[in-house]
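Read through the structure below, which is laid out as structure tokens, and then see the notes.
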Amino acid sequence: MPTKTFLLDADDASEMPSTKSGVNLEKYQSALNAAQFEAVTTTEGALLVVAGAGTGKTKTLTYRVGHLIESGVAAQNILLLTFTRRAAQEMLVRAASFADTRCAHILGGTFHAYAHKLLREYASKINLAENFVVLDQIDAEDTIEIVRTALGFNKKEKRFPKKNTLQRIISTATNKQIPIEEVIENSYPQFFPLTDDILKVADAYRDYKRTNSLLDYDDLLTHLKTMLETQSDVRHRIASQLRYVMVDEYQDTNLVQADLVALLSSVHGNVMAVGDDAQSIYSFRGANFRNILDFPKRFPNTKIIKLEENYRSTERILELTNSVIRQAKEKFSKNLYTKIKPGGELPAIVAAPDERYQSRFIAQRILELREKGIALNQIAVLMRNSRDSFDLELELKKRNLPFVKYGGQKIVEAAHIKDFVSYLKVLYNPRDILAWNRILRLLDGIGPKTAQDLADWIKTAPNPYHFATANVSPKYLDALKKLGTLLANLSQNLSPLIAVSETLLKYYQPILREKYYEDFSKREKDLENFLGIVANYTSLATLLADLALEPIDLSAMETKATLKDESPLTLSTIHSAKGLEWHTVFLINVLDGTIPSRYAVGETESIDEELRLLYVALTRAKNLLYISYPIICKGAEDYFGNPSRFLQAMPESLYEKLLLVDSKQVQPQLSAPPRQLQPPEQDHDLPF
DNA sequence: CAGACGACATTTTTT
DNA sequence: ATGTCGTCTG
């Protein structure tokens, strides 16, 4: 007998929180200012909160969750989309502590993670294998390489774009929702004559993903969007459940994500976006700060609330940051002010003779601050590029200052971790062609071609672990059999996961030593730490999904593992510092060409984005702010670096200059001597 | 066809 | 400093 589904409309009348009856609003009123309070209590309809840096954006979201839960809304009816999982968890823990433990159970996470969850659930609705594989960026590049080679473009043209360029072109087109031709024309004019071939690669890549059930990051969003657009019953089911949808960092969403927000909130229409157009720093990922301006157009009758009172920074810091954002060509109407932190120390601009001096200055200043009782975890060093801190890291290690670094290479992107994870992937999904490809090439005598041939066999083999039935040369049959038997045995019993991993590590270790003989011990330590992460998981599926969707910073893992007592100092890229704050912030390498990045120079739009990036960095500081750059930079040849053009445009009254003088080499002062800083006592061990 | 070696270019930021 | 490409050898 055929069964039909009858969809009931959301029953608002009966589910409605008994308006504010059970909620003690005084608690909220006393903790929030008027604008924040309004944002928290405006629960119905569309709401846009334009929140300047440090104006209590997170607090507002946190309290809003608390308020909804205390009003009787069930946790599974609230969705909070954030930029990182870290951000979501922090908010939920906070909400749980002041309001109700149920706060911890609301739906949420990143767009990608939430999309992933829904797609697993509804995969069958869009002809997607339930055990589809999520490709991280490296996987995506490797896949593109496979189709590129299959198309023969690897030898044909000398200057054919490389796999990561191809990946970027394709991804940019998706994220900005523009044709690939346009991306090439705008950003990669040198490849314009090859447009047709690039399009062929893009098509082949899409087909390859579809036949092999592979989804890259962009697919997670676009597949969900397509599903919600075309399957109205699914959309209705999902959106009915989501009575309240909240989106953090809306200025960094792209068009696809904006569409998703609309689709997810299409039944109830209770959607809140929080963001700051002045802090939009992800245009390279398709984000457009104009999205936030378009929000009211997309959702008619949007109520707009502005948060402009800053609680984070001192008046001196705010004056400087306000002047920075005023340099933007596209102006923003924002006027941050402070009532509670008047005055303060002038921010300092530090011209260090070279990078070594810069590092010594920072290390020494941090030690002084610690003496004064500022905890290390209240201090951060920020930089434009992850590698800008290498010299400083050496200095910090030398002085035994513990630090955690965020940004830069992700643990799963390191080749040896990727190798190891591939074994796990093959256990999870024996048809994971990409993972097979990787681990097969680790065997002696198997190169790209043989690996590809074997992968083709695996695709249809009745038992992919049973290589005896494959038609392979005896040269490597033994090695294959050994691998196959190991995997077959492990797949019989996947728990405990940590035991499986240890067995695999034993198998992989000799390969690792052979392949990376130059630095295998460092890599072995990485793997050891990685097993520590694995130990927290019981489900292989969850582990693999988390690795793809919430990549862990390699060095963060490394340092966390070695930390003992003192809570560490933070080193972070500006991008990874979003939403965070510290008592003291150092921003290093503020050079023209670094920030603004030399790749951004030329276009007003990208220069503005670099300026916003600087703005984000400076607005992280609560009390002390140091901006530094080396005068002499090292490269193939040493050269004179120019301070960032943004610094040169700052009014001189808003900062003080700091000149570093080595205590051993007292130099004659040229003009009025700025404040001097004494170098460390133990400088005798420095190479001067 | 695998693997080693040398030339060459190439360097953001992240889910 | 690193990865990628082409070329050569076995």
Side-chain angles (χ1 to χ4, degrees), chain A residues 81-87 109-116 134-141 145 148-149 153-165 167-168 171-172 174-175 215-221 249 252-254 256-257 280-287 382-388 390 406-410 412-413 415 440-453 473 475-476 514-515 518-519 545-553 572-578 589 593-601 606 609-610 612-614 616-617 634-636:
Chain A
L81 293 170
T82 53
F83 211 70
T84 61
R85 183 190 303 180
R86 191 156 50 129
T110 62
F111 275 91
H112 292 87
Y114 186 63
H116 173 257
V134 178
L135 306 180
D136 63 29
Q137 186 165 333
I138 307 276
D139 296 331
E141 287 171 7
E145 180 67 10
R148 196 187 81 151
T149 311
F153 289 136
N154 52 336
K155 29 194 95 164
K156 208 171 128 194
E157 295 282 348
K158 271 249 185 286
R159 289 276 168 227
F160 202 78
K162 282 181 271 174
K163 58 180 181 180
N164 53 6
T165 313
Q167 193 273 335
R168 227 172 299 163
S171 177
T172 305
T174 313
N175 282 308
L215 268 64
D216 65 20
Y217 284 144
D218 300 333
D219 292 332
L220 289 172
L221 303 182
E249 310 280 9
D252 283 321
T253 56
N254 60 34
V256 184
Q257 290 168 320
S280 172
I281 54 174
Y282 278 85
S283 72
F284 68 91
R285 216 168 82 183
L382 306 182
M383 56 263 172
R384 173 67 176 88
N385 306 315
S386 177
R387 60 159 186 274
D388 289 342
F390 286 169
Y406 295 99
Q409 199 187 28
K410 299 288 179 285
V412 283
E413 289 173 356
L440 290 174
R441 268 180 300 156
L442 293 172
L443 298 175
D444 225 17
I446 298 185
K449 182 72 174 81
T450 312
Q452 189 60 46
D453 291 347
S473 143
K475 202 164 77 181
Y476 31 75
E514 175 70 21
K515 187 177 171 196
E518 272 165 1
D519 59 348
D546 279 8
L547 287 178
L549 296 169
E550 195 74 12
I552 305 156
D553 292 303
S572 175
T573 60
I574 302 174
H575 282 89
S576 296
K578 189 157 91 152
N589 270 22
T594 301
I595 183 166
S597 157
R598 67 178 127 275
Y599 308 105
V601 176
S606 40
E609 172 137 329
E610 297 287 316
R612 292 194 294 269
L613 200 48
L614 176 65
V616 168
K634 52 177 202 264

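The chains referred to below are lettered A, B, ... by the order of the sequence lines, with proteins before strands, and numbering in each begins at 1.
Looking at residues two or more places apart in sequence or on another chain, you find no salt bridge (Lys or Arg N to Asp or Glu O under 4.0 Å) involving A/Lys162. Partners of A/Glu413 by side-chain contact (heavy atoms from CB on, under 4.5 Å), not counting sequence neighbours, listed by chain and number: A/Ile138, A/Gln409, A/Lys410.
In the set C/dC5, B/dT13, B/dT15, the nucleotide with an atom closest to the side chain of A/Ser386 is B/dT13. When the nucleotides B/dT14, B/dT15, B/dC1 are ranked by their closest atom to the side chain of A/Thr573, B/dT14 comes out on top. Relative to the side chain of A/Pro448, the nucleotides B/dT14, C/dC5, B/dA2 differ in distance, and B/dA2 lies closest. Candidate nucleotides B/dT13, C/dT4, B/dT11 were compared by shortest atom distance to the side chain of A/Tyr599, and B/dT11 ranks first. Listed candidates were B/dT11, C/dC5, B/dC1. Nearest to the side chain of A/Arg387 is B/dT11. Distances were taken from every side-chain heavy atom of A/Lys449 (C-beta onward) to each of B/dT13, B/dT15, B/dC1; the shortest belongs to B/dC1.
Of the two residues contacting DNA chain B, namely A/Glu514 and A/Leu549, the nearest-nucleotide position lying further toward the 5' end is that of A/Glu514. For the pair A/Ala113 and A/Leu443, both in contact range of DNA chain B, the more 5′-proximal nearest nucleotide belongs to A/Leu443.
No aromatic stack links A/Phe111 and the base of B/dT15, using centre distance under 5.5 Å and interplanar angle under 30°.
For A/Phe390 and C/dA1, the CZ to P distance is 11 Å, given to the nearest whole Å. Summarising the geometry, the separation between OH on A/Tyr476 and C1' on B/dA2 is reported as 10 Å, rounded to the nearest angstrom. Look at CG on A/Asn385: it is 18 Å from P on B/dT10, rounded to the nearest Å. For the pair A/Ile281 CD1 and B/dT15 P, the interatomic distance rounds to 11 Å; values are reported in whole Å. Counting to the nearest Å, the C1' atom of B/dT15 and the CG atom of A/Leu215 are 14 Å from each other. A/Glu413 has its CD atom 14 Å from the C1' atom of C/dG3, to the nearest Å. Atom OH of A/Tyr406 is separated from atom P of B/dT15 by 13 Å (rounded to the nearest Å). Taking atom CD of A/Glu249 as the reference point, atom C1' of B/dT15 lies 14 Å away to the nearest angstrom.
Between A/Gly407 and A/Ser576, the shortest heavy-atom contact is CA-OG, 3.6 Å. For A/Thr450 against A/Tyr476, the heavy-atom pair with the smallest separation is CG2-OH, 3.1 Å. Here the shortest heavy-atom pairing between A/Gly408 and A/Thr573 reads N-CG2, 4.4 Å.
Distances shorter than 4.0 Å separate none of the side-chain N or O atoms of A/Lys162 from OP1 or OP2 on C/dT4. Contact annotation: A/Thr450 reaches the phosphate of B/dA2 (side-chain N/O to OP1 or OP2, under 4.0 Å). Listed pair A/Arg148 / C/dT4 fails the phosphate criterion, with no side-chain N or O lying under 4.0 Å from OP1 or OP2. Phosphate contact (OP1/OP2 of B/dT13, side-chain N/O of A/Ser576, threshold under 4.0 Å): absent.
Between A/Thr172 atom OG1 and A/Asn254 atom CG the span is 10.5 Å, to the nearest 0.5 Å. Distance check, rounded to the nearest 0.5 Å: CD1 of A/Ile595 to CG of A/Asn589 gives 10.5 Å.
Backbone-only engagement by A/Asp444 is indicated by non-hydrogen atom pairs under 4.0 Å involving sugar-phosphate atoms exclusively. Residue contacts for A/Ile446: at a heavy-atom cut-off of 4.0 Å it reaches the sugar-phosphate backbone alone, with no base atom in range. A/Thr594 comes within 4.0 angstrom of nothing in the nucleic acid, heavy atoms only.
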- Verdict with supporting geometry, A/His575 and A/Leu613, side-chain contact (heavy atoms from CB on, under 4.5 Å): CA-CA 8 Å; A/His575 282 89; A/Leu613 200 48; 3.7 Å; yes
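For A/Glu610 (side chain) and A/Ser597 (main-chain N/O), a donor-acceptor pair under 3.5 Å exists by modelled atom type.
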For DNA chain C, the expected dot-bracket line (Watson-Crick or G-U under 3.5 Å, [ ] crossing, | inter-strand) is .|||||||||
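Separating the P atom of B/dT13 from that of C/dT4 is a span of 16 Å, rounded to the nearest Å.
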